[in-house]
Amino acid sequence: MKALLRMLFSKPPPAKTPSFNPIFIDEPQFISLIHSSKSIKHLQQIHAQIILHHQFSNSRIVTQLISSFSFKNNFINHALSIFRHFNNPNLYIFNSLIRALADNSYYMTSISYFVLMLRSNIRPANLTFPFVLKSTAALQEGWLGMEIHTQILKLGLLCDRLVLLHLVDMYAKVGLLECACQLFDESSQWGDEARSTLLWNVLINGYCKVGKWGKAVELFEVMPEKYGSTWSTLINGLMKAGEIDRAMELWRSVEERDVVSWTTMINGFSLNGQHEQALSMFFEMLEQGVKPNDQTIVCALLACAKAGALETGTRIHDYVLSNGFALKKGITAALVDMYAKCGSIENASRVFDMAEEKDLRTWSVMIWGCAINGYLDKALDCFNKMKSTGIKPDGVVFLAIITACLHAGNVDHGLHFFDKMKHDYSIEPTMKHYAVIVDLYGRAGRLNQALRFIKNMPIDPDFVIWGALFSACRAHKNIQMAEYASEKLLELEPKHPGGYVFLSNVYAGAGKWQDVERVRTKMKNKGVAKDPGWSYIEIHGQVTSFVAGDHFHDRSDEIHLKLDEITKNAREFGYTPETEWVLHNIEEEEKEESLGSHSEKLALAFALISGDDLKVIRIVKNLKICGDCHSLMKHASKMTKRDIVVRDIKRFHHFKNGSCSCQDYW
DNA sequence: TTAGGGTTAG
């Protein structure tokens, strides 16, 4: 093979006289060359040779070429261009293109080539349908699925077990479970061979995906032979439905727990916000001698990222390095994400810089990391570098870069990128993009512009949009506009606690206690409960969570004593509790007490009594940090001479020597 | 046979 490659690339045949060709390469040689090609450049050279050797109408070779190009991300256009230059494409050429498009998420285009195939009077075969159905499922187009079903019937291909499998899968994925069930029942006519365990699996998966896990359990129980993955599917379904205990019970009953079932549990705990359990499950798995795969590592790192568990994340990073895991794109992106979300942008950058392969997602997590940590310049630098490597930014990258502008308070830059995305890249903004722009205007106090922007949006503003305007009104004390926004919020989601909490916050801020009471009563009458605030802290690799007013911790008394001490000392440095952040109409002293038990403060006190050697105290909070806690953290960082890092729902606050990286703008 | 499968996933 090496000799053949050398022969090919060192002495290409003269381009102008292709008929005179001293080196003859036959079909099997070309095919094995394509299979062994390592880079895109290599493939392009082989493509050139195919043309020079007049082999461009050889469908066996071209089929291989199309699939090879499609395996490399971002090169699907090469596959398309090869297809377009092929005269009279046959079944194989069509199949390989349809597959290439479906595999690269170009679902619509793959369907359109399927249609073209039919119009060109080329009869689809069994191997055409798995990919066409995959695209249909992804597009969520049930009617299209039915049309294709008819085609399959006409061609008599329903008895093909994989065609049947994909058809049932498609119906389950587009939510037409009755059709899936009917097909499943009818399939018994072809015997057990056709009705494979996988077919059961697909149906059970379908039920889980629409949240009908009860039905899934029923099917599972009557299933003749239980396949490993079915357990995982079901456990995953139960976890997604929040049925943690049932999932655990089922998982315990699995005799041979494989990597996938462990990963499902780890991921399931994480999905339910139980990151501590997710991580202890991961370490239990290691203790039991089960080797994690890339996906397990990604899930475990994700749990660290969510809980802000830097120490544990670093431990997993060490594990990855010493156990021969290749730093492929998935793990790299997860590591960068973990370090960035744990507030360690230095380590995130280090992993990122060392990564051999950087895809859109790797760049994307890095830019997000810069954004939430408040490094606009670094985010911009990454954005430009990414473009120079030829990767085109997508909507998510633009969202990250605009968010970076938001946290840096740079309105003009943010608006510039928003326009650039629309006009230069033809990316249609999503609700999230609009929300960031509203936030951008709102935080800068440009409330009228924000409102005008919302009114001119081409899509109907959702809860988040009005919420962003609302927060801005609150910060800039515009009660009239806040009331308007809150009306919109309550219209959209009358059961969502956010709308009520927002409104009572505004009234409380303005001292309008009667109005606060009115909102609170309304909230109670409608049975709406406020989201509890919680915080995570990791000390010596152990994650602990606190909720506001928490007295459940073993060392609760000590924690509260320590907190009193910090507050007292802070007062001597000029800290006064900012009671406007309390909702209730209560006496000043009580208000102070209510503020005093916010979960991030409890976490801080816990860190101070248990981690003498902690140089940096890292806290993760599920809501936005309140002004009072923000103020106390600043004082605490100065008094204790320790850095305090708080990640709230929006961004990072790095407190150092009495000031915060957000410059009090958040 | 020029080529098709499910489970965990940011």
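Order of the sequence lines sets the chain letters (A, B, ...), proteins ahead of strands, with each chain counted from 1.
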Exercise. Does NZ or CZ of A/Lys240 lie under 6.0 Å from the centre of the six-membered ring of A/Tyr207, at an angle within 45° of the ring axis?
Worked result: no

Exercise. What's the closest nucleotide to the A/Ser59 side chain, out of B/dT7, B/dG10, B/dT2?
Worked result: B/dT2

For this session: Describe the nucleic acid contact of A/Val260 in one word from base, sugar-phosphate, nothing, applying a heavy-atom distance below 4.0 Å.
Result: base

Exercise. Looking at B/dG5, does its base get a donor-acceptor pair with the side chain of A/Asp169 below 3.5 Å?
Worked result: no

Problem set entry | Rounded distance (Å) that lies between atom C1' of B/dG10 and atom CD1 of A/Ile367 | 16 Å

Seminar exercise, completed: Ordered by number, residues from residues 127-134 of chain A within less than 4.0 Å of DNA chain B (heavy atoms) are A/Leu127, A/Pro130, A/Phe131

Exercise. Are OP1 or OP2 of B/dT7 and a side-chain N or O of A/Asn205 less than 4.0 angstrom apart?
Worked result: yes

Seminar exercise, completed: Taken to the nearest whole Å, CG/A/Leu234 to P/B/dT8 is 11 Å

For this session: Among B/dG4, B/dT7, B/dG5, find the nucleotide with the atom closest to the side chain of A/Lys209.
Result: B/dT7

For this session: Give the rounded distance in Å between these two atoms: CG of A/Leu327 and C1' of B/dG10.
Result: 16 Å

Exercise. Would you call A/Leu327 and A/Leu335 a side-chain contact if the rule is heavy atoms closer than 4.5 Å?
Worked result: yes

For this session: Please work out if A/Asn236 contacts a base, only the sugar-phosphate, or nothing of the nucleic acid, heavy-atom cut-off 4.0 Å.
Result: sugar-phosphate

Seminar exercise, completed: The nucleotide from B/dG4, B/dT2, B/dT7 with an atom nearest the side chain of A/Asn126 is B/dG4

For this session: Counting heavy atoms from C-beta on, name the nucleotide in B/dT8, B/dT7, B/dT2 closest to the side chain of A/Gln295.
Result: B/dT8

Problem set entry | Residue pairs involving residues 353-372 of chain A (criterion ring pair (Phe, Tyr, Trp, His ring centres under 6.0 Å); sequence neighbours excluded) | A/Phe352-A/Trp363

For this session: Check whether any side-chain nitrogen or oxygen of A/Arg99 sits under 4.0 Å from OP1 or OP2 of B/dG4, and answer yes or no.
Result: yes

Exercise. Any idea which of B/dT7, B/dT8, B/dG10 is nearest the A/Asn201 side chain?
Worked result: B/dT7

Problem set entry | Residues in side chain to side chain contact (heavy atoms under 4.5 Å, CB included) contact with A/Lys209, at least two apart in sequence or another chain | A/Lys173, A/Asn205

For this session: Using salt bridge (Lys or Arg N to Asp or Glu O under 4.0 Å) as the criterion, list what pairs up with A/Lys385, not counting sequence neighbours.
Result: A/Asp381

For this session: Grab the CG-P distance between A/Leu250 and B/dT7 for me, whole Å please.
Result: 17 Å

Seminar exercise, completed: Taking B/dG5, B/dG4, B/dT2 as options, the one with an atom nearest any side-chain atom of A/Leu165 is B/dG5

Problem set entry | Selected nucleotide, minimal atom distance to A/Leu302 side chain, candidates B/dG4, B/dG10, B/dT8 | B/dG10

Let me have the donor-acceptor pairs involving side chains of residues 146-159 of chain A, under 3.5 Å, with sequence neighbours excluded, atom names and distances please.
from: A/His149; atom 1: ND1; to: A/Tyr171; atom 2: OH; distance (Å): 2.8
from: A/Thr150; atom 1: OG1; to: A/Met146; atom 2: O; distance (Å): 2.9

For this session: Classify the nucleic acid contact of A/Thr63 as base, sugar-phosphate or nothing, counting any heavy atom under 4.0 Å across all strands shown.
Result: base

Exercise. A/Met170 has an atom CE; how far is it from atom P of B/dG5, in whole Å?
Worked result: 17 Å

Problem set entry | Between B/dG5 and B/dT1 - P atom distance, rounded Å | 14 Å

Exercise. Testing A/Phe86, A/Phe83, A/Phe114 for ring pair (Phe, Tyr, Trp, His ring centres under 6.0 Å) with A/Phe94, which one passes?
Worked result: A/Phe83

Exercise. Salt bridge between A/Asp169 and A/Lys134, side-chain N to carboxylate O under 4.0 Å?
Worked result: no

For this session: For the side chain of A/Asn293, starting at C-beta, report the closest nucleotide among B/dT8, B/dG10, B/dG4.
Result: B/dT8

Seminar exercise, completed: A/Trp262 CH2 to B/dT7 P, in whole Å, measures 22 Å

For this session: Could you tell me whether A/Asp160 contacts a base, only the sugar-phosphate backbone, or nothing, with contacts defined as non-hydrogen atoms closer than 4.0 Å?
Result: base

For this session: For residues 333-355 of chain A, pull every pair meeting salt bridge (Lys or Arg N to Asp or Glu O under 4.0 Å), keeping only residues two or more places apart or in separate chains.
Result: A/Asp337-A/Lys341

For this session: For A/Val259, report the nucleic acid contact type (base, sugar-phosphate, nothing); a contact means any heavy atom under 4.0 Å.
Result: nothing

Exercise. Starting at CH2 of A/Trp251 and ending at P of B/dT8, how long is that distance when rounded to a whole Å?
Worked result: 17 Å

Problem set entry | Selected nucleotide, minimal atom distance to A/Thr263 side chain, candidates B/dG10, B/dT7, B/dT8 | B/dT8

Seminar exercise, completed: From CD1 of A/Ile235 across to C1' of B/dT8 the rounded distance in Å is 10 Å

